[in-house]
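Throughout, protein chains are lettered first and strands after them, A, B, ... in sequence-line order, and every chain is numbered starting at 1.
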Amino acid sequence: MSTITITMHERRFFERIYQVVEQVPRGQVSTYGDIAIIVGGGCDARIVGLAMGDLGPRAAKVPWQRIINRSGGISTQGSNQRELLVAEGVEFDEKGKVRLERVRWPGPGAEWATKHGFQPLPARTSKDDEEDKSQLRLF
DNA sequence: ATGCTGACTAACA
DNA sequence: TTGTTAGCCAGCA
């Protein structure tokens, strides 16, 4: 391949990010990092954040509010992101965080991912499961 | 071209 | 447990 100066990944990266974010269903959330993994090709959590910040008019059809940080917290400032999520049924704890282990989007379906050239989200580790259990309560 | 900032994270103290 | 540090890459001055 010609040494095509890697002119950066172009803005086309953003479009793919939006395509994935659109798959996150109401009532669930995903993280910047997870979206980056699904998009693949060197995408990074920060790029996802940049893409979200550059939505503009697309914000109407891309559920940007469902993307939160790895800590289960809201990264935006001065936005109604939390309110929007609450309205969708996502619960926050006293620390203002979402229980990711409970409402985290498991990633796109294998078929969809393959069809569109995306990468399925890696299975969660046993360590994650332990964390989940520790937070889980037999109500 | 160089440096700084940012809707991030994993690693470490 | 929480706070800090260093890498990330794209956009802009």
Engineer: Round to a whole Å and report the spacing from CZ of A/Arg46 to P of B/dC4.
Structural biologist: 15 Å

Engineer: Among B/dT9, B/dA7, C/dA10, which nucleotide sits nearest the side chain of A/Asn69?
Structural biologist: B/dT9

Engineer: What is the separation between atom CG on A/Asp44 and atom P on C/dA10, rounded to the nearest whole Å?
Structural biologist: 9 Å

Engineer: List in chain and number order the residues that pass salt bridge (charged side-chain N to carboxylate O under 4.0 Å, His left out) with A/Glu22, two or more places apart in sequence or in another chain; answer none if no residue qualifies.
Structural biologist: none

Engineer: How is A/Gly53 classified with respect to the nucleic acid when contacts are heavy atoms under 4.0 Å: base, sugar-phosphate, or nothing?
Structural biologist: base

Engineer: Round to a whole Å and report the spacing from CZ of A/Arg70 to C1' of B/dC8.
Structural biologist: 11 Å

Engineer: Between A/Arg82 and A/Phe92, is NZ or CZ placed under 6.0 angstrom from the six-membered ring centre and within 45° of the ring axis?
Structural biologist: yes

Engineer: Return the nearest nucleotide to the side chain of A/Lys95; candidates are C/dT2, B/dT9, C/dA10.
Structural biologist: C/dT2

Engineer: Hey, what do you get for CD (A/Gln81) to CE (A/Met52), rounding to the nearest 0.5 Å?
Structural biologist: 10.5 Å

Engineer: What's the separation between atom SG in A/Cys43 and atom CD1 in A/Ile35, rounded to the nearest 0.5 Å?
Structural biologist: 9.0 Å

Engineer: Starting at CG of A/Leu84 and ending at P of B/dA7, how long is that distance when rounded to a whole Å?
Structural biologist: 17 Å

Engineer: Please pick, from C/dT2, C/dA10, B/dT9, the nucleotide with the shortest atom-to-atom distance to any side-chain atom of A/Ile47.
Structural biologist: C/dA10

Engineer: Please tell me which of the listed nucleotides, C/dC9, B/dT9, C/dC8, lies nearest to the side chain of A/Thr31?
Structural biologist: B/dT9

Engineer: Distance check needed: C/dG11 P versus A/Leu55 CG, whole Å only.
Structural biologist: 14 Å

Engineer: Rounded to whole angstrom units, what separation is found between the CG atom of A/Leu50 and the P atom of C/dC12?
Structural biologist: 10 Å

Engineer: Select one nucleotide: of C/dC8, B/dA7, C/dA10, the one nearest the side-chain heavy atoms of A/Trp64.
Structural biologist: B/dA7

Engineer: Calculate, to the nearest 0.5 Å, the distance between atoms CG and CD belonging to A/Asn80 and A/Gln65 respectively.
Structural biologist: 8.5 Å

Engineer: Quick one: A/Ile67 CD1 to B/dC8 C1', roughly how many Å, whole number?
Structural biologist: 13 Å

Engineer: Side chain of A/Met52, heavy atoms from C-beta onward: which of B/dC8, B/dA7, C/dG11 has the nearest atom to it?
Structural biologist: B/dA7

Engineer: Please report the distance, rounded to the nearest Å, between CZ in A/Phe13 and C1' in B/dC8.
Structural biologist: 15 Å

